[in-house]
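Comments concern the structure below.
Quantities reported herein were computed from a predicted structural model and do not represent experimental measurements.
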Amino acid sequence: MPVSDRGDGLSDPTLEYSIQQVSEMLSIPIQKLRRWDEQGVLVAGRTHGGHRRYSRELIDRLTGSGLATTSDKASKELATIRKSLAEKRRIIQLLLESENRYRDLVETSHDLIWTTDAFGRFTYLNTAANAIFGLATKDLIGRCFFDFEAGASHLSNRRFLATLKRDGEIKHYVTRLVTDTGQDRWIGINARVVLDDNGAMIGIRGTARDITEEHLTTQRIEHLAMHDPLTDLPNRLSLQRRVESALQSGGVGALLFLDIDHFKYVNDHFGHRTGDQLIVGVGSVLRDLMRNLAGELFRLGGDEFAIHLPSALRKDAAEV
């Protein structure tokens, strides 16, 4: 709705109002009038100096019955726009806050959080990677778990990858790695395959935890359960399992049982400490002898020892 013009390019001041006059007449802030002009709600003309001028006829009409309708409609439209923008800003803010919380949790986690491409090469690791691999995160991108595997873990780690591709997920997988500084690490891994829309594998993501202390503790407990604390020889339970395994395999073998004559006399007259020293000494001598035999030595308790000779017959046992 442009202003009138006399045809010579000059506005007729008797047929128009300035933006200040319109603002007072309509009780609308000048900034809002400018926005309405730009948005096409209430368009103003321009003088040669670039000043906005409004048609007197139009403004007079708006100050009458049409004002409320036009003003209310524009206000409602602007209110709707403001509400929409405010909602978008709120959603963006929530997303940013959620991302920041997620990043804080990931980066401060003691567990390793990682992702790889389809070939198992790291594409992301959090800061826990340094404690596990002995390298900064940036130096690990493009490498993989297998680059750090201990020699004995080679085949099991290949099975891990094959199982993951087959089942899509693995939980509580334990493997042994060697850090960049040569330290052993036992790692517990949880992993899941990432697929594209066509079901093709595009990567792997998961977590990993350094369980070295727990693993070594478990090994120590298992060792104590299967070994004599005095001589560190395999104990009666260990012998039992060895014999059961031999019987299940259906092979032959021999067992020799030994004890120390008059051991009770040593204990009674010289004390249990001396008796323990005697057990340790005899165990050491027997262990040295076993180096030339294809068998295993056990301490059953007290002054009793046993030797298991796999694949040996009675004649072989008697010669031993």
Side-chain angles (χ1 to χ4, degrees), residues 149-163 166 170 172-178 184-189 211-320:
E149 65 187 354
S153 302
H154 182 81
L155 293 178
S156 63
N157 283 341
R158 291 294 183 267
R159 285 196 295 270
F160 160 77
L161 191 57
T163 302
R166 184 186 69 237
I170 285 184
H172 312 305
Y173 178 82
V174 177
T175 188
R176 180 186 170 203
L177 304 178
V178 179
D184 276 352
R185 287 283 187 272
W186 289 92
I187 308 298
I189 302 175
I211 59 169
T212 303
E213 287 300 322
E214 296 92 325
H215 184 81
L216 294 179
T217 298
T218 300
Q219 282 188 326
R220 285 193 291 268
I221 292 173
E222 291 177 350
H223 183 86
L224 290 174
M226 302 295 290
H227 288 76
D228 169 48
L230 186 60
T231 62
D232 201 39
L233 290 170
N235 60 13
R236 184 184 298 271
L237 177 59
S238 183
L239 174 63
Q240 179 180 336
R241 292 188 179 180
R242 189 78 77 251
V243 171
E244 288 174 352
S245 176
L247 291 174
Q248 289 175 359
S249 67
V252 299
L255 277 175
L256 282 66
F257 293 93
L258 307 88
D259 62 16
I260 302 174
D261 291 344
H262 311 298
F263 180 70
K264 186 175 182 304
Y265 178 87
V266 174
N267 262 342
D268 291 344
H269 288 78
F270 299 98
H272 291 283
R273 183 180 181 85
T274 301
D276 288 347
Q277 291 175 341
L278 178 59
I279 293 294
V280 171
V282 171
S284 178
V285 171
L286 292 174
R287 185 185 278 112
D288 288 340
L289 293 174
M290 291 301 300
R291 292 174 182 171
N292 299 319
L293 300 175
E296 188 174 10
L297 175 67
F298 301 82
R299 185 196 173 199
L300 307 184
D303 64 339
E304 295 179 315
F305 293 84
I307 295 174
H308 177 228
L309 301 172
S311 305
L313 299 176
R314 183 181 296 272
K315 178 178 178 296
D316 303 316
E319 290 178 356
V320 170

Q) Looking at residues at least two apart in the chain, or sitting in another chain, which of them share a ring pair (Phe, Tyr, Trp, His ring centres under 6.0 Å) with H308? A) none

Q: May I have all residue pairs that pass salt bridge (Lys or Arg N to Asp or Glu O under 4.0 Å) and include part of residues 213-228, sequence neighbours excluded?
A: D228-R299

Q: Could you grab the distance from atom CD1 of I307 to atom CG of L293, nearest 0.5 Å is fine?
A: 6.5 Å

Q: Could you grab the distance from atom CG of L233 to atom CE of M226, nearest 0.5 Å is fine?
A: 13.5 Å

(Q) Do Q219 and L216 make a side-chain contact, defined as non-hydrogen atoms from C-beta onward lying under 4.5 Å apart? (A) yes

Q | Derivation of the side chain to side chain contact (heavy atoms under 4.5 Å, CB included) call for R176 and D184 | A | CA-CA 7 Å; R176 180 186 170 203; D184 276 352; 2.8 Å; yes

(Q) Are L239 and L300 packed together at the side-chain level, in the sense that at least one heavy-atom pair is separated by less than 4.5 angstrom? (A) yes

**Q.** Straight-line distance of D276 CG to T231 OG1, nearest 0.5 Å
**A.** 10.5 Å

Q | Nearest heavy-atom neighbours spanning F305 and I279 | A | CZ-O, 3.9 Å

Q: State, with a plain yes or no, whether a side-chain heavy atom of I170 is found less than 4.5 Å away from one of T163.
A: yes

Tabulate below the donor-acceptor pairs under 3.5 Å that side-chain atoms of residues 240-250 make, not counting sequence neighbours, or state none.
| from | atom 1 | to | atom 2 | distance (Å) |
| --- | --- | --- | --- | --- |
| Q240 | NE2 | E244 | OE2 | 3.3 |
| R242 | NE | E296 | OE1 | 2.7 |
| R242 | NH2 | E296 | OE1 | 2.9 |
| R242 | NH2 | E296 | OE2 | 3.0 |
| S249 | OG | A246 | O | 2.7 |

Atom pairs and distances, donor-acceptor, side-chain atoms in residues 312-320, under 3.5 Å, two or more places apart:
| from | atom 1 | to | atom 2 | distance (Å) |
| --- | --- | --- | --- | --- |
| K315 | NZ | E319 | OE2 | 2.7 |
| D316 | OD2 | L313 | N | 3.0 |

Throw together a table of side-chain donor-acceptor distances under 3.5 angstrom for residues 255-273, partners on residues two or more places apart or in other chains.
| from | atom 1 | to | atom 2 | distance (Å) |
| --- | --- | --- | --- | --- |
| K264 | NZ | D268 | OD2 | 2.7 |
| H269 | ND1 | Y265 | O | 3.1 |

**Q.** W186 backbone acceptor or donor facing T212 side chain under 3.5 Å
**A.** yes

Q) R287 side chain to V282 main-chain N or O, any donor-acceptor pair under 3.5 Å? A) no

Q.
If I compare all heavy atoms of P234 with all of L297, which pair ends up nearest, and what's the gap?
A. CD-O, 3.3 Å

Q | Set of residues satisfying side-chain contact (heavy atoms from CB on, under 4.5 Å) with respect to D232, sequence neighbours excluded | A | H223, H227

